[in-house]
Amino acid sequence: MKEFNITNDYCKRVWNETRAQYPDQEHFLQAVGLVLESLSPAVDSIRGLKENAVLERFVEPERIIMFRVPWVDDKGVPRVNRGYRVQFSSAIGPYKGGLRFSSEVNLDILKFLGFEQVLKNSLTTLPMGGAKGGSDFDSHGKSDAEVMRFCQSFMTELYRHIGADTDVPAGDKGVGSREVAYLFGQYKRIMNQFTGVLTGKWLSFGGSLVRPEATGYGLVYFVERMLASKNDGIEGKNVIISGDGNVATFAAQKLIRLGAKVLTLSDSTGFILDEDGIDEEKLNYVMAFRAERKKIDEYVKKYQKAKFFKGERPWKVKADIALPCATQDEIYLDDAKVMVANGVKIVGEGANMPTRAEAIECFIKSGVLFAPGKASNAGGVAVSGLEMTQNSERLHWTFEKVDNKLKSIMYGIHDNSAQTAKDFGCADNYVLGANIYGFKVVADAMMAQGLV
Ligand code: NDP
Ligand code: 2IT
């Protein structure tokens, strides 16, 4: 793991204690290390942190729920998975954050995601605490009926820990609109209550317009603002994207509509490169085969000028902008060096922590503008927050209204992060700016509420 430059004594103590407590939680430690590094220049200027043990509490989840999820497959064979909910912080609002279904899911992954979510939700300026949950269930190759039975069993335990004013889960990797619908149906059946207990719901039962698009669109709005800060724009830029799921495809859609050229998409099997650019018709084809759970090489079967690179990620392709939108640990130091040499000017994280800490350092030192996921992918949870508001009002807002609010939230996150970085003498360091800005609000609420 990277040696973090944690210069403040209080931050250093908490870092050493956290490392000693959770030596095996590599992703969680990386997330904490990066934040404590960023907070080092700021903590002495925030009064009362040490006296109120704010950092010690900030790195420790309020509650972790773990349970077994028994279900029966289509052959009648009983199966058992592990289910989790990490309720990290309720300092500024009810716990809020997605559910991930993927074989890689464990406490390390969910604690890093929950920790990041606390700061991300704070950056949106909406009243949401932070949480993450999920299961090591992998829906690849499972039938709809199996996914439904799994979701019903998962919710049969989770329901007692969540609620519209307690904890409001949503989707994440491996949990899309199909899973959210099954989870909602089972919650309603058990509780006999129709409430906004989940976000990312379908429009027909309390969902919000723009929620499916929100993370990808929000990412592009953020990147637009980064470019604008350098008197530049998106039109004509070459963009490489990883992933072909929710975040990746809607980022691509917005980029295409703004006149950029999208060169790549990927999944866990490899990536495709289309030198002519992926236009909207081609993207619709991707969305259609992805809905049928087909893999990315399907693309080259139809568009034969494009190439499929099995088992590879797209980072060697020359481009102006790179948007990692699949999962954690996608860009390592060696990838970063190639990208810098290729002239990449902006890296915007659509996924959560796709860039390793060493690679982030390389980008920042090389003058590449780097947007950390907690800032640049906050559009999804921001529109989740707007879905909660609409559910409370029992109203639906128009597409235009939600989209405008999303855009102004993303611009706000950009501007607040950029200004904070500048205030600390580190202009263009969005990692530092986002971490300090997000933390201040949470710390203020934690100190006000006493030692809880
Ligand atoms: P999806 O499940 O819709 O898509 C995930 C994509 O990543 C798929 O293309 C998938 O390919 C690929 N992928 C998954 N695991 C790997 C792997 N180990 N190596 C290479 N590719 C992989 O998820 P989302 O688009 O919703 O989420 C993507 C990322 O964005 C995650 O990090 C998530 O936490 C983050 N995020 C999501 C938000 C949302 O609103 N959905 C909000 C903010 C962040 P395959 O199908 O082959 O597995
Ligand atoms: O990582 C994320 O921000 C999400 N998966 C979205 C969470 C949410 O509650 O909408």
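Numbering of ligands and ligand atoms starts at 1, following listing order.
- For ligand 2 and K132, the ligand atoms under 4.0 Å from any heavy atom of the residue are 1 (O), 2 (C), 4 (C), 5 (N).
- Contact annotation for T215 and ligand 2: no heavy atom of the residue comes within less than 4.0 Å of the ligand.
- The CD1 atom of I413 sits 9.5 Å away from the OG atom of S122 when rounded to the nearest 0.5 Å.
- Scanning the protein heavy atoms around atom 5 (N) of ligand 2, the nearest turns out to be D172 OD1, 2.9 Å.
- In E387, neither the side chain nor the backbone holds a heavy atom less than 4.0 Å from any atom of ligand 2.
- Near A170, with a cut-off below 4.0 Å to any heavy atom, the atoms of ligand 2 are 8 (C), 9 (O), 10 (O).
- The residue E213 has no part lying near ligand 1, judged by heavy-atom distances below 4.0 Å.
- Judged by the shortest distance from any of its heavy atoms, A378 lies outside the 4.0 Å radius around the atoms of ligand 2.
- Nearest to atom 6 (C) of ligand 2 among the protein's heavy atoms is R211 NH2, 3.5 Å.
- Given atom 9 (O) of ligand 2, the protein heavy atom at minimum distance is K96 NZ, 2.6 Å.
- Remark: minimum distance from atom 9 (O) of ligand 1 to any protein heavy atom is reached at D244 OD1, 2.7 Å.
- Protein heavy atom in closest approach to atom 7 (C) of ligand 2: G98 N, 3.5 Å.
- Under 4.0 angstrom from ligand 1, the non-hydrogen atoms of R211 all belong to its side chain.
- Using a 4.0 Å heavy-atom cutoff, M128 is absent from the residues neighbouring ligand 2.
- No cation-pi contact links K294 to F289, judged by a cut-off of 6.0 Å to the six-membered ring centre and 45° from its axis.
- Between G171 and ligand 2, at least one N/O pair is under 3.5 Å apart.
- Each of the following atoms of ligand 1 lies closer than 4.0 Å to a heavy atom of T215: 38 (C), 39 (C), 40 (O), 42 (C), 43 (C).
- Heavy-atom proximity to S384, at under 4.0 Å, picks out these atoms of ligand 2: 8 (C), 9 (O), 10 (O).
- Remark: minimum distance from atom 2 (C) of ligand 2 to any protein heavy atom is reached at K120 NZ, 3.3 Å.
- Residue Q328 places every heavy atom at 4.0 Å or more from ligand 1.
- Residue contacts with ligand 1 leave out G176, since none of its heavy atoms falls under 4.0 Å from the ligand.
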